[in-house]
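I have placed the structure first, in the form of structure tokens, so that the comments after it can refer back to it.
Letters A, B, ... are given to chains in the order of the sequence lines, protein chains preceding strands, and every chain is numbered from 1.
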Protein chains: 2
Amino acid sequence: MGPTIKDIAKEVGVSHSTVSRALNGDPRISAATRQKVLEAAERLGYQPNLSGRGLAHGKVFSIGLVIPDILEPFFARVVNGVSQVAYRAGFNLILYLTHADRRMEMAALQQIGHGRVDGMIIMARKVGRQSVLALRRHKVPIVLLIETMPEAGFDGVRVNNEGGAMQAVNHLLGLGHKRIACITGPRHASDARERLRGYRQAIRAAGVDPDAEGLIFKGNFTEQSGAEAVDRMIQLPPDRRPTAIVAMNDATALGAMNRLARHGIVVPDEMAVVGFDDMPFARFVHPGLTTVRQPIEELGKAAADLLIARIRGEVKEYREVVLNTQLIVRESCGSGRARSHPSEKEC
Amino acid sequence: MGPTIKDIAKEVGVSHSTVSRALNGDPRISAATRQKVLEAAERLGYQPNLSGRGLAHGKVFSIGLVIPDILEPFFARVVNGVSQVAYRAGFNLILYLTHADRRMEMAALQQIGHGRVDGMIIMARKVGRQSVLALRRHKVPIVLLIETMPEAGFDGVRVNNEGGAMQAVNHLLGLGHKRIACITGPRHASDARERLRGYRQAIRAAGVDPDAEGLIFKGNFTEQSGAEAVDRMIQLPPDRRPTAIVAMNDATALGAMNRLARHGIVVPDEMAVVGFDDMPFARFVHPGLTTVRQPIEELGKAAADLLIARIRGEVKEYREVVLNTQLIVRESCGSGRARSHPSEKEC
DNA sequence: GTGAAAGCGCTAACAC
DNA sequence: GTGTTAGCGCTTTCAC
């Protein structure tokens with residue numbers, strides 16, 4: 001182990017508590033003493049031992065982040081966001097990759113009780129209710145990301161999926177579309193449900209009943225399901241056929257676009273398509289996919305900000321942060337206007 | 001804070017050191033006492049505090065991992081490998097993302113001195129020699145990944161780049177190619193240099209002097225540089241033109257393939273191409289790119305294994321681990337044989 | 001303004 | 001086999 005405050009104390013000729021105070025900026029310490037202590041610390045290459053500090057005042061200056069899989073770009077970007085905020089605030093980031101394995105998840109959550117982290121950000125597709133609820137007895141702050149549990153009183157950060165879907169629909173309405181179809185996501189996914197709700201709401205606001213008009217097509221977030229939905233659409237008589245599709249994620253949109261191309265239907269001229277997520281490929285497909293972008297890094301940052309505020313006691317009451325999406329307009333839904341810039345613009 | 005060994009001691013009616021011993025499996029403790037202690041611990045929901053433990057015996061059961069960027073799939077896969085080994089061995093993983101920023105790098109390395117980690121795996125393109133060397137005064141084990149520093153006596157894990165290039169060349173030789181060109185990587189990258197060395201060696205072993213024959217084309221790991229190299233190749237008189245290309249990474253190979261296509265040169269019939277890295281896109285381009293795969297997750301695992309062995313004192317002397325690559329044969333270099341399976345096979 | 005002393009949770013050397 | 005005690009590095013009362 002490196003030099004300790006006692007070494008500095010010996011060096012300077014004061015007590016170790018004086019050294020501690022000097023290093024922590026206690027105003028009672030004289031400028032002269034502080035100066036000498038800081039110099040000695042520098043000279044000896046002193047670095048505070050965090051186990052000691054942690055033991056003394058119960059903080060370890062680490063936050064934990066639980067995610068299923070780091071290979072998934074979505075999660076990687078969350079990590080990026082969290083880490084930036086954490087470092088800046090002087091916290092270390094401890095990463096727990098669960099691979100969606102329940103046992104790994106449990107083990108990660110256990111770490112809270114070990115005093116290894118001052119707080120935890122949890123992003124798990126379906127975190128076991130029991131296991132999370134059990135965490136509350138430690139008073140360690142917890143922030144749930146994406147899949148929140150407001151009923152249980154956990155702090156949460158999530159995306160305004162409803163609003164995102166409405167952005168997509170409203171954009172299409174603005175382009176003059178009347179029959180706007182939707183390809184849904186799986187019912188068990190809460191974000192898919194929220195997006196569907198937003199879609200319904202925006203369509204109804206335009207005076208159309210999407211269910212009565214048969215505009216809702218089942219999907220499950222896969223390319224395959226997008227393609228199949230298109231197959232069903234084109235069997236409809238022309239006057240009942242939609243002129244635009246809102247897919248609940250980009251994979252579905254991609255599947256739909258490819259299948260449309262195979263049927264010789266030109267996007268966007270004969271059919272507009274909007275996705276959701278703004279996956280990397282959305283920029284590269286042809287035509288570029290208009291889609292609803294989730295502010296992924298910002299989610300991570302917001303979660304870290306909230307968690308650290310809780311740790312510091314700056315936030316006392318329950319809080320939920322909802323971030324808005326952003327519609328990224330590319331070529332896949334056409335436009336009445338001339339296209340000023342080559343590819344994309346934000347709304 | 002949760003219950004401590006003192007609470008258990010009170011509950012059971014023994015001293016706290018007896019509790020500690022019982023929990024740690026000290027053989028001197030009677031079965032009856034141990035039983036009672038374990039029960040009480042369970043009942044109270046006891047979890048050892050790691051700051052306390054860390055302070056007492058100098059281990060914190062955490063390892064640090066320094067990487068430039070988590071969004072890069074290469075690094076994400078390393079994280080994945082490291083984390084698996086770490087968790088299994090009971091170590092937490094503390095992640096430091098430097099974004100190739102020297103100050104972040106320094107800050108991360110500082111953590112060693114804070115006693116926050118028992119060891120550190122460092123993967124930085126060009127880690128400042130000074131800063132790393134300064135780390136040696138702490139006796140904390142360090143493993144360098146990819147860019148090793150054997151001269152400085154640091155443990156390291158790296159890839160057999162030389163051997164990988166030889167695999168590529170030998171495969172082409174086996175297919176009957178005589179004039180096998182190479183598109184190099186940037187000179188400052190050690191892996192690029194190693195691959196070039198392997199290429200030269202394998203070609204020479206076949207009785208050809210690649211330099212005299214003008215088979216070496218400058219590149220810099222970018223698509224652009226691959227395309228430009230192809231431009232230079234096709235200006236050569238037919239008898240001096242290569243029949244196969246070994247690109248020092250997949251991006252270069254991709255650039256070369258695209259440019260060949262534009263010139264109407266058919267891969268693999270008129271020109272064979274081999275890449276290096278096995279990036280995700282290598283499977284999806286047409287024709288599928290034969291390439292040299294780096295065992296990325298295994299690199300992470302090997303580094304973690306080595307580090308933990310060091311921490312445990314199981315390894316005393318300097319050690320360097322070199323992992324072999326694997327040639328992934330797809331369609332881009334043709335084959336005399338009929339293709340049995342649709343896409344790929346391993347050598 | 002500074003020192004002495006206690007204590008955070010745990011391990012381990014030393015008694016008995 | 002178990003209790004007592006000291007100590008890991010640090011913060012923080014309480015004295016003066």
| remark: Atom CG of Asp26(A) and atom C1' of dT11(D) are separated, to the nearest Å, by 11 Å

| task | Could you tell me the separation between the CG atom of Leu55(B) and the P atom of dA12(C), rounded to a whole number of Å? | result | 13 Å

| Salt-bridge criterion met for Arg102(A) and Glu105(A) (N-O under 4.0 Å) | yes

| said: When you measure from the side-chain N and O atoms of Ser30(B) to the phosphate of dT2(D), is any distance below 4.0 Å, counting only OP1 and OP2? | reply: yes

Distances for protein N/O vs nucleotides 3-7 of chain C N/O pairs under 3.5 angstrom?
{"unit_1": "dG3(C)", "atom_1": "OP2", "unit_2": "Ser15(A)", "atom_2": "N", "d": "3.0"}
{"unit_1": "dG3(C)", "atom_1": "OP2", "unit_2": "Ser15(A)", "atom_2": "OG", "d": "3.1"}
{"unit_1": "dG3(C)", "atom_1": "OP2", "unit_2": "Thr18(A)", "atom_2": "OG1", "d": "2.3"}
{"unit_1": "dG3(C)", "atom_1": "N7", "unit_2": "Arg21(A)", "atom_2": "NH2", "d": "2.6"}
{"unit_1": "dG3(C)", "atom_1": "O6", "unit_2": "Arg21(A)", "atom_2": "NH1", "d": "3.1"}
{"unit_1": "dG3(C)", "atom_1": "O6", "unit_2": "Arg21(A)", "atom_2": "NH2", "d": "3.0"}
{"unit_1": "dA4(C)", "atom_1": "N7", "unit_2": "Ser17(A)", "atom_2": "OG", "d": "3.4"}
{"unit_1": "dA4(C)", "atom_1": "N6", "unit_2": "Ser17(A)", "atom_2": "OG", "d": "3.3"}

| Whole Å only: how far is the CD1 atom of Ile5(B) from the C1' atom of dC8(C)? | 12 Å

| Who are the salt bridge (Lys or Arg N to Asp or Glu O under 4.0 Å) partners of Asp155(A), not counting sequence neighbours? | Arg310(A)

| query | Do any of residues 33-44 of chain A sit with a heavy atom less than 4.0 Å from DNA chain D, and if so which? | reply | none

| Spacing between Leu50(B) atom CG and dG9(C) atom P, to the nearest angstrom | 13 Å

| query | So, Arg116(B) and Ser62(A): side-chain donor and acceptor under 3.5 Å apart, yes or no? | reply | yes

| Using a cut-off of less than 4.0 Å, is there contact between a side-chain N or O of Ser20(B) and OP1 or OP2 of dT11(C)? | yes

| remark: Here the distance between atom P of dC8(D) and atom CZ of Arg53(A), to the nearest Å, is 18 Å

| task | Starting from P on dG9(C), measure out to NE2 on His114(A) and report it in whole angstrom. | result | 15 Å

| query | Are side-chain N/O atoms of Asn161(B) and Asp191(B) paired as donor and acceptor at under 3.5 Å? | reply | no

| Protein-nucleotide distance (Lys6(B), atom NZ; dG3(D), atom C1'), rounded to Å | 14 Å

| task | Look at the aromatic rings of Tyr96(B) and Tyr87(A) and report parallel, tilted or perpendicular, splitting at 30° and 60°. | result | parallel

| field | OP1 or OP2 of dT11(C) under 4.0 Å from side-chain N/O of Asn24(B) | value | yes

| Interatomic distance where CD1 belongs to Ile8(A) and C1' belongs to dT2(C) [whole Å] | 17 Å

| message | I'd like to know if Arg158(A) pairs up with Glu147(A) as an ion pair, taking the criterion as any Lys NZ or Arg NE/NH1/NH2 lying under 4.0 Å from an Asp or Glu carboxylate oxygen. | response | no

| task | Would you indicate whether Glu42(A), at its atom CD, is surrounded by more than 12 heavy atoms from other residues, nucleotides or ligands within a distance under 6.0 Å? | result | no

| query | Looking only at side chains, do Ser17(A) and Ser20(A) share a donor and an acceptor under 3.5 Å apart? | reply | no

| task | Determine, for Asp101(A) against Arg103(A), whether the closest basic-nitrogen to carboxylate-oxygen distance falls under 4.0 angstrom. | result | no

